[in-house]
Amino acid sequence: MKTRTGVIHRLTHASRFLSPSRTPGSRPSPPGLQPGSQPASRPSPPGLSAAAGIAVAALLLSGCAADPGRGSGGRVPGADPQPGGQPAGSPPARQEVQGPAPRLVLTHAEGITVLDARSLEVVGEAGLDGFNRLNPAGDGRHVLVSTGNAFRVFDAGVWTERHGDHGHSYAAPPVLTDVAFEAGKSGHAVFHSGRTALFSDGSGKVEVFDPAGLAKEAGVLPETDVYTTPEAHHGVAVPLEDGKLLVTLGDDESGRGIAVLAAGTGQDRAELVRSEDCPGVHGEAVAGHDAVVVGCENGMLVYRDGKISKVSSPDDYGRMGNQAGSPESPVVLGDYKVDKDAVLERPTRISLVNTETAALQLVELGASYSFRSLGRGPSGEALVLGTDGALRIIDPMTGNIASVVPVVAAWEESETWQDPRPTLFVQGSTAYVTEPSSSSIHAVDLSSGKVSKSAELPHVPNELTGVSG
């Protein structure tokens with residue numbers, strides 16, 4: 001059943017807002033900058049309001065413990081909604097801007113940094129201990145931070161309110177709220193078909209909601225529907241059209257496949273179709289018109305038109321565990337690894353799987369890459385950031401490498417997957433690439449194939465995502 005969250009939960013990791021601890025020194029122009037261009041200067045980031053980090057004196061409890069189908073989470077009590085749906089605890093100041101103002105969100109060892117996506121200037125920072133992962137919430141404004149025991153709501157501070165045939169766009173200081181979806185080993189969040197699904201690896205709990213609800217009532221989580229998989233595992237869930245739900249199957253040792261469930265509430269979902277022909281199931285992507293794929297150690301499963309099919313690897317072990325899809329292309333870009341016993345395999349080939357024809361093509365890049373190297377362009381181009389520092393733009397239908405854009409210095413992937421490494425994120429027609437070795441970020445104009453802007457950062461960047469505003 002659906003319910004509004006009934007437990008007010010105060011997180012132990014209190015928000016705190018930081019000022020930059022250092023002023024970066026001058027650095028040489030990164031590879032790929034055009035003659036005469038210079039990295040953008042970085043102004044001192046304004047401190048964020050500490051209102052969201054004020055400790056709550058006591059927990060206010062209501063309702064009972066969560067049961068199947070009931071969501072659980074937290075909020076900061078005692079604040080009235082701000083105009084424009086601004087969450088409780090966030091700075092009251094907001095400014096109307098000329099149009100949507102996209103922002104970038106980065107993690108680092110001390111917390112989270114937010115940049116203006118156009119100027120690459122720092123607009124705010126928030127402190128948060130631990131290794132934290134970023135997931136777009138799906139509403140163009142919020143980011144869900146996987147902290148291990150929760151999906152914590154981060155308000156990036158930009159949004160657009162629609163009024164008939166037009167909209168009004170606003171910008172405010174970003175804020176790490178005290179609102180969170182409780183989770184056991186918080187894993188992936190996936191937005192699709194107008195809803196977002198959270199997957200908790202430690203319990204198999206899947207929590208599904210409309211992300212528009214994150215801004216409707218200040219400090220309160222939206223209504224959620226909860227489904228729990230038969231066994232806990234490192235998995236993922238994908239909301240489908242007509243209320244259906246795709247979930248991975250597995251146990252605490254490994255994943256083995258997927259199941260598609262009918263619309264329903266809680267555990268009241270009939271199973272429509274399943275496949276367990278997917279050892280080591282990992283990742284997800286959506287291609288073209290609602291074809292959903294997950295990676296396997298011997299290929300890829302494709303759910304399309306109510307059926308599950310298998311695209312097999314040409315090798316006995318041919319893992320495609322990380323994928324990137326595009327609504328503009330039926331082809332899914334994936335990695336491709338063949339050494340089952342490797343501590344860290346550094347592959348030089350990528351996979352291109354056509355979800356309409358089941359054709360698989362392997363493309364040799366001439367350089368290795370990491371799981372944070374895959375992306376898609378505005379027309380469905382396949383993008384791969386190599387360890388040689390270059391961004392490859394690939395035609396997904398033919399596998400031809402259309403262009404190679406030098407962006408960062410050559411790098412080597414760490415054997416520790418949590419360590420910072422150059423990371424690719426694409427928003428619109430711009431590909432953003434972080435460079436931890438120089439604490440910098442670069443914007444690549446995909447239409448021209450050139451680095452259009454670079455900027456230094458106050459911290460060594462790790463994960464990277466963004467919001468459209």
Visitor: Listed by chain and number, what are the ring pair (Phe, Tyr, Trp, His ring centres under 6.0 Å) partners of Phe209, not counting sequence neighbours?
Guide: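 Ring pair (Phe, Tyr, Trp, His ring centres under 6.0 Å) list for Phe209, sorted by chain: Phe181.
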Visitor: With a sphere of 6.0 Å drawn around NZ of Lys185, does it hold more than 12 non-hydrogen atoms of other residues, nucleotides or ligands?
Guide: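 Count not over threshold, so no.
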Visitor: Testing the basics here: between Leu128 and Arg152, what is the closest heavy-atom pair and its distance to 0.1 Å?
Guide: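 Shortest heavy-atom contact: CD1-NH1, 3.5 Å.
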Visitor: Heavy atoms, side chains only, cut-off 4.5 Å: are Arg133 and Ser186 in contact?
Guide: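 No, too far: nothing below the 4.5 Å cut-off.
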Visitor: Is the number of heavy atoms from other residues, nucleotides or ligands under 6.0 Å of Glu364 CD greater than 12?
Guide: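 Yes.
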Visitor: Ignoring hydrogens and geometry, is there a side-chain-to-backbone donor-acceptor pair from Thr196 to Ala137 under 3.5 Å?
Guide: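 Looks like yes, one N/O pair under 3.5 Å.
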Visitor: Is Arg319 close to Glu345 at the side-chain level, that is, under 4.5 Å between some pair of heavy atoms?
Guide: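 Result no, sub-4.5 Å side-chain heavy-atom pair not found.
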Visitor: For the pair Tyr432 (side chain) and Ala117 (backbone), establish whether a donor and an acceptor sit closer than 3.5 Å, ignoring hydrogens and angles.
Guide: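 Yes; at least one donor-acceptor contact below 3.5 Å.
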Visitor: Testing the basics here: between Val467 and Ala156, what is the closest heavy-atom pair and its distance to 0.1 Å?
Guide: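 Minimum heavy-atom separation between Val467 and Ala156: CG2-CB, 3.6 Å.
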Visitor: Taking the side chain as C-beta and beyond, is there a heavy-atom pair between Glu435 and Ser454 under 4.5 Å?
Guide: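 They are not in contact (no side-chain heavy atoms under 4.5 Å apart), so the answer is no.
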Visitor: Where is the tightest heavy-atom contact between Glu463 and Leu134, given as atom of each residue plus distance?
Guide: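 Closest heavy-atom pair between Glu463 and Leu134: OE1-N, 2.9 Å.
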Visitor: Could you tell me whether the side chain of Ile308 reaches within less than 4.5 Å of the side chain of Asp277, counting heavy atoms only?
Guide: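 When only atoms from C-beta onward are counted, Ile308 and Asp277 do not touch, as no gap falls below 4.5 Å.
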Visitor: Please report the closest heavy-atom contact between Pro422 and Leu385, naming both atoms and the distance.
Guide: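 For Pro422 and Leu385, the tightest heavy-atom pair comes out as CB-CD2, 3.7 Å.
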Visitor: Do Asn149 and Glu182 touch side chain to side chain, with heavy atoms closer than 4.5 Å?
Guide: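 SC-SC contact between Asn149 and Glu182 ruled out.
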Visitor: If you look at every heavy atom in Ala189 and Leu144, which pair is closest and at what distance?
Guide: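 The answer is CB-CD1, 4.1 Å.
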Visitor: Between Asn322 and Asp335, do the side chains contain a donor N or O and an acceptor N or O under 3.5 Å apart?
Guide: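 Yes, because at least one side-chain N or O of Asp335 sits under 3.5 Å from a partner of the opposite role on Asn322.
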Visitor: Any non-hydrogen side-chain atom of Phe131 less than 4.5 Å from a side-chain atom of Asn462?
Guide: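 Contact flag for Phe131/Asn462 side chains = yes.
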Visitor: At what distance, to the nearest 0.5 angstrom, does CD of Glu413 lie from OG of Ser368?
Guide: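 Nearest 0.5 Å value for the CD-OG distance: 7.0 Å.
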Visitor: Quick one: does Val190's side chain get under 4.5 Å of Val286's, heavy atoms only?
Guide: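 No, side chains not in contact.
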Visitor: Are Val281 and Cys296 close enough, and set up right, to give a side-chain contact (heavy atoms from CB on, under 4.5 Å), and what steps lead you there?
Guide: CA-CA 5 Å; Val281 61; Cys296 317; 5.6 Å; no
Visitor: Going by atom types only, do Ser447 and Ser429 share a side-chain donor-acceptor pair under 3.5 Å?
Guide: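 No donor-acceptor contact under 3.5 Å links the two side chains.
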Visitor: Within the distance-only criterion (no hydrogens, no angle test), does the side chain of Glu381 pair as donor or acceptor with the backbone N or O of Ser379 below 3.5 angstrom?
Guide: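 Yes.
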Visitor: Please check: side-chain N/O of Glu231 versus main-chain N/O of Gly204, any donor-acceptor pairing under 3.5 Å?
Guide: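 Answer holds: no.
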Visitor: Which heavy atom of Leu249 sits nearest to which heavy atom of Arg274, and what is that distance?
Guide: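 Minimum heavy-atom separation between Leu249 and Arg274: CD1-NH1, 3.6 Å.
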Visitor: So, does Arg421 use its side chain to make a donor-acceptor pair with the main chain of Ser370 at under 3.5 Å?
Guide: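 Not at all, since once roles are kept as given, no pair shorter than 3.5 Å links the two residues.
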Visitor: Counting C-beta onward and ignoring hydrogens, is there a side-chain heavy-atom pair between Leu446 and Leu383 closer than 4.5 Å?
Guide: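 Yes - at least one pair of side-chain heavy atoms lies under 4.5 Å apart.
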Visitor: Would you say Ser414 and Asp419 are linked by a side-chain donor-acceptor pair, where the criterion is simply a distance under 3.5 Å?
Guide: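 Note: Asp419 and Ser414 side chains meet the donor-acceptor criterion.
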Visitor: Just checking, any donor-acceptor pair under 3.5 angstrom between side chains of Glu284 and His188?
Guide: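 Per modelled atom types, Glu284 and His188 side chains form no pair under 3.5 Å.
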